[in-house]
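Just so it is clear, the model here is predicted, and its values are computed rather than measured.
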Amino acid sequence: MTWFSFSVKRWGRMTKFLSLFCLCLFLVTSCTPRPQTNSPTGNGRITIGTTSKPRTLDPADAYELASLGLVFNMSDRLYTYEPGSTAIKPQLATALPKVSENGVIYTIPLRQGVVFHDGTPFNAQAMAFSIQRFIQNKGKPSFLLADIVESAKATGENELTIKLKKPFAAFPSLLAFSGVCAVSPKAYEIGEGKFKPNIFVGTGPYKLTNLGPASVQFDVFDKYWGEKPANNGINVQILSSGVNLYNAFRKKAVDVAYLSMDPDQIRSLEEKAKKGDWQAIPNQGSVMSYMAINRNQKPLDNPAVRQAIASMIDRLQIKERVWYGQADPAYSMIPTTLDVYKPVFQKAYGDGNTEKAKQLLTSAGFSKSNPAKVEIWYPSSSPTRSLAAIVLKALAKKTMDGILQFEVIAVDSTTFFQQIPKGLYPAILLDWYPDFLDADNYIQPFLSCDKGSIEKGCQDGGSQSQGSFYYSDRMNKLIDQQRQEQNPEVRNKIFAEIQNLVATDVPYVPLWQSKDFVFAQKGMSGVQLDPTQNLVYKTIRM
C-alpha cells in the first residue's frame with residue numbers, strides 16, 4: 001500500500017462522511033418545527049399563540065372555548081357586549097328586541113347592507129335559517145335554544161320574529177352566544193348531524209383562509225359592513241403545551257399569548273412585564289369554581305356540616321397558595337362581573353372562621369372522637385383543583401382539631417364527569433364556564449330540579465347533574481319567577497333572595513373567580529378580552 005493510495009481511500013471515506021453529515025444536518029434543520037412570527041416582516045399581521053386547539057369551526061356544534069373563540073372573531077351575532085361590560089348592544093340587530101306582553105314573542109329589526117363571506121346577502125331569512133340550523137342540527141350547544149325557542153321566522157326582509165316556548169328574561173343575552181351567529185344559507189344545510197367543522201362562512205370582520213393542525217389563518221374581509229380590523233390579518237399558532245407557549249412568547253415567536261399557562265408561568269411573565277420586557281394585561285374573568293356538596297350522603301345530609309365547611313374554608317389562602325394571587329375569592333354563585341352579585345358567603349361565614357365551624361359541628365354531635373369525615377373528589381387533569389384539594393385538606397387538619405377531616409381523591413376526567421349525576425361523590429370541585437352572561441346561567445343549571453323531594457333530594461334536573469342533588473320548592477319557584485320577570489329591578493331582588501337561600505342551604509360553596517391574563521409584546525395595542533373571555537382580534541395593532 002502506497003501513501004497515495006491510502007490518502008485517496010481516506011479522502012474518499014471522508015468525502016462520504018462529510019456528505020452524509022451535511023445531508024443529516026439538512027434533514028434535521030428542515031424537519032425541526034420552528035415557530036413563526038410576523039412581527040419582523042412588518043406586514044401588519046398578528047401572530048397569536050395559544051394551546052387551545054379547536055375541535056370544530058361549525059357554530060352549531062362548537063361548545064368549547066377554543067372553537068368559540070375563533071367563531072367569535074369571524075362572526076356577527078344579533079347582539080354583542082359593550083366593551084368592558086356585560087351589558088348587551090345590537091350587532092346584526094339594529095335595536096334591542098320588542099317583547100310581547102306575555103314575554104314569549106321577540107321582534108328584532110335587522111341591519112341592512114350586510115353580506116356573508118361568500119357574497120350571499122344577509123337578511124331575516126338567513127338569520128332565521130341560522131337559528132333553525134343551530135337547533136335542528138343538534139350539535140353540542142343546541143339545547144341552549146332548543147329548550148327555549150318554539151320558532152324563528154322572517155316576518156319581513158329585515159325583521160326577525162322569535163317565539164319562545166315560555167318566558168325567558170335572559171333571552172337577549174343568550175342571542176349574544178358566539179354559536180348563535182349568522183351563517184350563509186348557501187354554505188350550510190339544516191339536518192341532524194350535518195356539520196362542517198373545517199369551514200366558516202359568516203358575516204364577521206375576518207374570513208377563514210387556512211385551517212391546519214397547528215395553525216389557523218384569518219384574512220380581513222374586505223366587504224365587512226362595520227369598522228375594519230386594525231391589523232392586516234391573524235395567524236393563530238397552536239402550541240402543544242403551556243411550557244411551549246411560555247417559551248414561544250419569551251422568544252418573541254408570537255406577538256400575543258392567551259390560553260393556557262400554569263400559574264407559575266403566568267407569575268414569571270408578570271414579573272418581567274413589570275420590568276418593561278413586555279405587557280401583561282389582566283382581565284376579570286367570569287369563570288367560577290365551586291365545591292358541590294351532595295346532600296344525599298352522610299354527614300353532608302346535615303345542613304350544619306355543610307355550613308361548617310363553608311365557615312372553615314379560607315379563600316384567601318387558596319388565592320395565594322393555589323393561584324399566586326391570580327384569582328379572586330368567590331362569595332356567591334354569581335360572579336362580580338354581573339350587577340346582581342352579592343357576597344352572601346362572606347357575610348354569613350367569612351374566611352377561615354374555624355371557631356364557627358367547630359361550634360356548628362359540635363352542635364351537630366361531632367367531636368374529635370366522632371369526626372365528620374368528607375371525601376373531596378376532583379379530576380386528576382386539573383392541576384389547580386388538585387392543588388386546591390390539597391390545600392383544603394391541610395387547612396382542615398391544621399385548624400379543625402380533628403373534628404372535620406377531608407380525604408382528597410383524584411380520578412380521571414372522563415370517569416369524574418360520568419359519575420357526578422349518579423351521586424357517587426360526597427363532595428367535588430367544579431369549574432363553570434358560562435354559556436352566556438346572565439345570572440340565570442350561574443343559577444338555573446346548578447339549583448333547579450325538575451323532579452325530586454325534600455326527603456330524596458333531586459332525582460332529575462340541574463342540581464342532580466351538578467352533583468349536589470339539592471331540592472327546594474322555594475328555589476324552584478324563585479328560578480321560575482326570575483326567568484319570567486321582565487322588570488330588571490324586580491328580577492334583581494329575586495336573585496338577591498336566591499343568593500341568600502344558597503348561603504343558608506349550602507348545596508355549593510363558591511371558592512374562586514377566575515382572572516385571565518393576556519401577554520403582548522412591547523409596542524402592541526388594542527389587546528383586550530370581551531366579557532365572555534374571547535380575545536378580540538380586530539382591535540389588535542402593532
Side-chain angles (χ1 to χ4, degrees), residues 288-295 297 299-323 327-336 338 340-367 371-376 385 388-389 391-406 408 426-432 439 442-443 446-447 463 466-468 470 472 474-475 478 495-514:
M288 302 293 287
S289 293
Y290 316 91
M291 176 189 290
I293 301 177
N294 186 343
R295 50 88 75 195
Q297 291 220 14
L300 301 170
D301 57 339
N302 189 330
V305 177
R306 303 198 296 268
Q307 292 168 351
I309 292 173
S311 297
M312 66 78 53
I313 287 177
D314 189 339
R315 295 167 184 78
L316 303 178
Q317 294 270 8
I318 294 174
K319 174 185 174 181
E320 294 304 321
R321 296 189 185 184
V322 177
W323 284 101
D328 290 320
Y331 297 105
S332 170
M333 298 287 288
I334 298 171
T336 57
L338 297 175
V340 299
Y341 162 81
K342 291 190 177 301
V344 288
F345 275 76
Q346 188 176 35
K347 183 177 180 181
Y349 305 105
D351 274 298
N353 191 346
T354 54
E355 290 306 313
K356 181 171 183 173
K358 292 172 189 174
Q359 291 172 8
L360 286 164
L361 290 170
T362 302
S363 65
F366 294 98
S367 63
K373 296 182 178 180
V374 178
E375 292 179 354
I376 300 175
R385 278 179 280 181
V391 169
L392 288 171
K393 180 179 180 179
L395 285 174
K397 185 176 182 180
K398 181 179 179 182
T399 63
M400 292 301 295
D401 299 332
I403 302 177
L404 176 64
Q405 299 177 12
F406 287 146
V408 297
I428 55 176
L429 300 183
L430 285 176
D431 290 338
W432 179 247
Y442 293 86
I443 294 298
F446 288 88
L447 297 163
S463 68
Q466 299 292 345
S468 75
Y470 176 65
S472 164
R474 182 59 185 157
M475 182 62 77
L478 289 170
F495 277 122
E497 186 173 349
I498 287 174
Q499 291 172 87
N500 286 330
L501 190 54
V502 173
T504 301
D505 293 347
V506 197
Y508 303 88
V509 179
L511 296 174
W512 66 82
Q513 180 176 339
S514 68

### Task
Using only heavy-atom distances, determine whether the side chains of Y508 and S468 contain a donor-acceptor pair under 3.5 Å.
yes

### Task
Please tell me if the side chains of F495 and L338 come closer than 4.5 Å, counting only heavy atoms from C-beta onward.
no

### Message
Working to the nearest 0.5 angstrom, can you tell me the gap between K397 NZ and L392 CG?
### Response
15.0 Å

### Query
At their closest point, which heavy atom of P335 faces which heavy atom of Y341, and how far apart are they?
O-CB, 3.3 Å

### Task
Using atom types as modelled and distance alone, determine if a side-chain donor or acceptor of Y290 lies under 3.5 Å from a backbone N or O of M333.
yes

### Task
Decide yes or no on side-chain contact (heavy atoms from CB on, under 4.5 Å) for R295 and D505, but give the supporting numbers first.
CA-CA 10 Å; R295 50 88 75 195; D505 293 347; over 6 Å; no

### Query
Distance from I428 atom CD1 to R385 atom CZ, nearest 0.5 Å?
9.0 Å

### Message
Just to verify, what does K393 make a side chain to side chain contact (heavy atoms under 4.5 Å, CB included) with, not counting sequence neighbours?
### Response
F406, V408

### Task
Write down the atom of P426, the atom of Q297, and the distance for their closest heavy-atom approach.
CG-OE1, 3.4 Å

## Note on the structure
Which of I293, L447, L501 passes side chain to side chain contact (heavy atoms under 4.5 Å, CB included) with P507? It is L447

### Task
Rounded to the nearest 0.5 Å, what's the gap from CG on N500 to OG on S332? Could you check?
9.5 Å

### Message
I'd like to know if the side chain of Q513 and the backbone of T336 have a donor-acceptor N/O pair within less than 3.5 Å.
### Response
yes

### Query
In this structure, are over 12 heavy atoms from other groups packed under 6.0 Å from K342 atom NZ?
no

### Task
Applying side-chain contact (heavy atoms from CB on, under 4.5 Å), run through I313 and L395 and close with a yes or a no.
CA-CA 8 Å; I313 287 177; L395 285 174; over 6 Å; no

### Min side-chain heavy-atom separation L316-P329 under 4.5 Å
yes

### Query
Is a donor on one side and an acceptor on the other found under 3.5 Å between the side chain of Y470 and the backbone of M475?
no

#### Entry: Expected output: side-chain K358 to main-chain T399 donor-acceptor under 3.5 Å
yes

### Task
Identify the two heavy atoms, one from A330 and one from M288, that lie closest to each other, and give their separation to 0.1 Å.
CB-CE, 3.7 Å

### Query
Atom CD of Q499 and atom CG of L478: how far apart are they, to the nearest 0.5 Å?
11.5 Å

### Test log, rule side-chain contact (heavy atoms from CB on, under 4.5 Å), inputs V344 and T504
CA-CA 9 Å; V344 288; T504 301; over 6 Å; no

#### Entry: Residue pairs, two or more places apart or on separate chains, that pass side-chain hydrogen bond (donor to acceptor under 3.5 Å, both in side chains) and touch residues 304-318
R315-D351, Q317-R321

### Task
Could you pull out the closest heavy-atom pair between K373 and P299, with the gap in Å?
O-CD, 3.4 Å

### Query
CG of L360 to CG of N302: how many Å apart, nearest 0.5 Å?
9.5 Å

### Task
Specify the closest pair of heavy atoms between A364 and A304, including all atoms of both residues, with the distance to one decimal.
CB-CB, 4.0 Å

### Message
Would you compute the distance between atom CG of L430 and atom OG of S289 and round it to the nearest 0.5 angstrom?
### Response
8.5 Å

### Query
Stepwise, does the side-chain contact (heavy atoms from CB on, under 4.5 Å) test hold for V506 with I309?
CA-CA 9 Å; V506 197; I309 292 173; over 6 Å; no

### Task
Quick one: which residue pairs count as a ring pair (Phe, Tyr, Trp, His ring centres under 6.0 Å) with a foot in residues 342-363, not counting sequence neighbours?
F345-Y349

